[in-house]
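Worksheet: the structure to be examined is printed underneath.
Everything numeric in this text was worked out from a predicted model, so none of it was measured. Numbers for residues simply follow the sequence, beginning at 1. Both ligands and their constituent atoms are indexed starting at 1 by order of listing.
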Amino acid sequence: MKHTAKANVNIALVKYWGKKDIEWNLPLTSSLSLTLDAFYTETTVAYDPKLTQDQLFIDDVEITGGEFLRVSKYMDKVRKLYNIPYYAVIHSYNFVPKKAGLASSSSAFAALAYAATKAYNLELDKKELSSLARLGSGSASRSIYEGLAVWHEGSDHLTSYAEHLTNMDDLALIVCLIDESPKKVNSTEAMNRLNDYPDLKELWVLSTKDAFNDMKDAIIENDFERIGGIAESHASLMHYIIQETGVSYLTDASFKVMDLTEKIRNEGIPVYYTMDAGANVKILTKKKYV
Ligand code: 2P0
């Protein structure tokens with residue numbers, strides 16, 4: 001009743017921002033991401049009939065408080081869905097350089113979903129595993145796959161899952177580290193603010209649906225400049241929307257890196273920026289330009 005699983009961090013090129021169902025963690029829109037080769041989480045789940053509650057260790061440090069509660073509530077959902085009668089000891093290791101600013105719930109909940117079901121000898125197919133990871137953190141639904149993945153928004157638990165789209169092996173992502181401090185407003189709380197702004201929400205949903213369809217076409221056509229352009233303008237729109245709801249993640253340094261990226265692009269090197277719920281800027285390019 002023990003299993004170790006590994007899942008990699010992903011970065012969205014068409015972002016998930018906002019939920020249509022908080023309890024089941026269903027997103028407002030579909031999204032599309034690139035899973036990174038280098039950064040991952042490895043998690044061991046060991047069920048033990050003698051335990052009276054879960055125990056969580058991250059990088060060998062026992063975790064209590066809010067972070068523990070989030071994980072044990074998640075494990076309660078897994079137990080309920082799959083009739084697992086035991087609590088577990090969970091050991092999780094993050095193979096993400098601390099300075100990369102990528103500490104991510106995407107790899108964490110994908111690895112946990114896999115380990116928690118395999119440890120009880122359950123063989124979920126990838127779609128179901130993706131739905132289960134989504135219950136822990138939306139972006140985790142996409143970390144079940146390598147390369148490019150799409151997360152279909154769906155309309156209930158089992159229809160909201162991610163699927164592998166393709167591998168574009170010549171893509172590269174450069175992380176520009178700007179700020180290592182924890183974010184002041186976590187992404188779950190920040191994205192839920194959108195529900196108080198119906199006009200912004202409508203703008204976001206319509207634009208994201210367009211970006212999602214355009215991005216899929218650009219990927220099918222293997223048109224890197226178009227992929228980068230869509231990713232960049234979509235990330236900028238997300239940060240405009242976030243700003244309008246009273247949260248700001250980007251700093252002067254973020255804007256400097258964005259300006260520099262545009263400058264380098266104007267000199268003929270295909271580089272495009274994207275940012276998530278933090279100040280760090282990630283630059284999408286091709287391996288030969290790194
Ligand atoms: C994404 N982000 O698509 C977007 C872009 C951040 C900006 O998914 O509430 O930690 O746990 O489902 O997955 C971060 O949000 O949110 C995120 P929950 P999650 O990657």
For V78 and A116, which heavy atoms make the closest approach, and how far apart are they?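 Smallest interatomic distance, heavy atoms only, reads CG1-CB, 4.2 Å.
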What's the shortest heavy-atom distance between M168 and I219, and which atoms?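 In terms of heavy atoms, the two residues are closest at SD-CG2, 4.3 Å.
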Distance check, rounded to the nearest 0.5 Å: D169 atom CG versus D37 atom CG?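 Nearest 0.5 Å value for the CG-CG distance: 8.0 Å.
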OG on S105 to CZ on R70, rounded to 0.5 Å: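 R70 atom CZ to S105 atom OG measures 5.0 Å (nearest 0.5 Å).
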F109 ring center within less than 6.0 Å of Y74 ring center: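 Ring centres of F109 and Y74 closer than 6.0 Å.
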Every pair of nitrogen or oxygen atoms between ligand 1 and the protein that is under 3.5 angstrom apart - can you list them with their distances to 0.1 Å?
from     : atom 1 : to   : atom 2 : distance (Å)
ligand 1 : 3 (O)  : Y16  : N      : 2.9
ligand 1 : 3 (O)  : R142 : NH1    : 3.1
ligand 1 : 3 (O)  : R142 : NH2    : 3.1
ligand 1 : 9 (O)  : K19  : NZ     : 2.6
ligand 1 : 9 (O)  : T188 : OG1    : 2.7
ligand 1 : 10 (O) : S105 : OG     : 3.0
ligand 1 : 10 (O) : S137 : OG     : 3.1
ligand 1 : 11 (O) : R70  : NH2    : 3.0
ligand 1 : 11 (O) : S137 : OG     : 2.7
ligand 1 : 12 (O) : Y16  : OH     : 2.6
ligand 1 : 12 (O) : K19  : NZ     : 3.1
ligand 1 : 12 (O) : N25  : ND2    : 3.1
ligand 1 : 12 (O) : G138 : N      : 2.6
ligand 1 : 13 (O) : S137 : OG     : 3.1
ligand 1 : 13 (O) : S139 : N      : 3.0
ligand 1 : 13 (O) : S139 : OG     : 2.7
ligand 1 : 15 (O) : S187 : OG     : 3.3
ligand 1 : 20 (O) : R142 : NH2    : 2.8

Tell me who clusters with I242, hydrophobic residues only, linked when side chains sit under 4.5 Å apart either directly or through other members.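 Direct or chained contacts put I242 with Y16, W17, L28, W151, V185, M191, L194, Y197, L200, L203, W204, V205, L237, M238, Y240, I241, V247, Y249.
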